[in-house]
Amino acid sequence: MTEDGLYFRFNELKQATDVKKKYGDEVLVVAGGTIATQLITRFGLRPKVILSLENLPLNYVKFSKTGIEIGATTTISKLLTFDNLPNALVQAAQGVHGLTLKEMATVGGNIFSPSPGGDLATALLALNADLVLARSGGKRVVSLSKFYKNFLTYNMRKDEILYAIKISRVPKLSAFMKLTPYTYSGPTICSAAVGMDLTDKKITRIAIGVGGLTPHPYRAAAAEKILKDKPISDQIIENATAKVTEGIQIREEGFYSVEYKSKVAQALVKKILYRLAGFN
Amino acid sequence: MVKVKFKLDGVFVEVEAMPYQTLFHLLKDSLGVQSVHFGCGQGACGACTVLLNGKPRYSCLTLAGYVDGKEVVTLAGLAQNGELNPIQRAFIENNAAQCGYCTPGIILTAKALLDKSSRPSDEEIFDALAGNLCRCTGYVSIVRAIKSLVR
């Protein structure tokens, strides 16, 4: 264990949550390092305490009758070694930029990663995932759909650490797609994921996650409302995709206008819905 | 300050670092490593790639404290007893470098890929190298060099 000055690295969760309790917002939590390190190197953050989670036993995926639990420090590479994960999650993981980033980046870190990262969070939104947050003396569960407040601002207390991600009821159908400037993965211009159950061609369950348009991904609630409990058809997909960005303040950045991003989001959701429905 | 002990290209080193210092700056500024290059600083270009316990890692996104107790291999550490690694030789034989700035990172990523999968497909090679940018070669000779080791 390295513990020297302001850099902590522990083997037990309790030690980590105790540090978080003691130092609160003065702690920068680092898992894979791909986002947290940039807060230091590019944005000039000088945290009083750096808390590395690398030695905590959170690099796991567990399957049970009640669903799937993914430890927060599970790397993307490790995630991709498991069978039976929902398609949306696998496709989002495969799209992470290159071998090196796949080896470094963690599922938990991806939850905190703002656009143009955070593809796994987009997929996990569509899978209705919950976050298990640990603190000294307890844990609580927060729905991922209620986790994001604003850019790098989360529904999280200052003494908490993301412990695990849970998918309680895995949808029967799910898929993820994204648009990037490169052929082989890359930063996200826009991403979308859908989790859906179809019973006798009726949509009995639907969740749509959209990434790249806002600081963190969001659930396309207006589109979901149109689809829920309706028979799937060309027309209802058209109606729903038109609502994918309704009420959303899209961030304009670089070469991509608000209008362009909105159209891409609609096109991706439409494409996924068509594929999941088995339409040509 | 954080005391960091690790194995660098086969040699044990012990250095002091600021908690927010990156491995890149530790290697470059404190240990004089020449083959680790700075590019984007955000995990997109791969010029600063090293192998950490055999896995590729962007040194610009790795805090110095993270490498304590681990093994770091840079391009210089690939050669053994004056003999180039087969990947290094393949890059020379296939003219897979022009300006050479990206080459150390690409060779180390290629090594990690070949350690993981002895017969990667073209798709897997392109996907693995997506995080290593080269602005000279157009990747054709790089992929050819890697594929020459697969056959």
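Bear in mind the structure is a predicted one, so any value in this text is a computation, not a measurement. Quick note on labels: first sequence line is chain A, next is B, and so on, each numbered from 1.
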Between [X] and [Y], what is the shortest heavy-atom contact and its length?
{"X": "A/H97", "Y": "B/G43", "answer": "CD2-O, 4.0 Å"}
{"X": "B/P19", "Y": "A/I50", "answer": "O-CD1, 3.2 Å"}
{"X": "A/T37", "Y": "B/L61", "answer": "OG1-O, 3.1 Å"}
{"X": "B/G65", "Y": "A/R9", "answer": "O-NH1, 3.7 Å"}
{"X": "B/Y66", "Y": "A/S52", "answer": "CD1-OG, 4.3 Å"}

With chain A as the partner, which of B/L63, B/V4, B/T22 has the greatest number of non-hydrogen pairs under 4.5 Å? B/L63

Choice from B/H25, B/Q42, B/M18, B/E124 maximising heavy atom contacts with chain A below 4.5 Å: B/Q42

What part of A/T41 lies closer than 4.5 angstrom to a heavy atom of chain B: side chain, backbone, both or neither? side chain

Measure distances from A/V30 to the heavy atoms of chain B and classify the residue's part below 4.5 Å as side chain, backbone, both or neither. side chain

Whatever's closer than 4.5 Å to a heavy atom in chain A on B/T49 counts as side chain

More than 12 heavy atoms from other groups under 6.0 Å of [atom1] on [X]:
{"X": "A/K271", "atom1": "NZ", "answer": "no"}
{"X": "A/K21", "atom1": "NZ", "answer": "no"}
{"X": "B/E123", "atom1": "CD", "answer": "no"}

Answer yes or no: is there a donor N or O on one side and an acceptor on the other, between the side chain of B/R57 and the main chain of A/L101, under 3.5 Å? no

Rounded at 0.5 Å granularity, tell me how far [atom1] in [X] sits from [atom2] in [Y].
{"X": "A/T100", "Y": "B/L51", "atom1": "OG1", "atom2": "CG", "result": "8.5 Å"}
{"X": "B/K116", "Y": "A/S77", "atom1": "NZ", "atom2": "OG", "result": "3.5 Å"}
{"X": "B/N53", "Y": "A/E103", "atom1": "CG", "atom2": "CD", "result": "11.5 Å"}
{"X": "B/Y20", "Y": "A/I40", "atom1": "OH", "atom2": "CD1", "result": "9.0 Å"}

Is any side-chain heavy atom of A/K102 closer than 4.5 Å to a side-chain heavy atom of B/K55? no

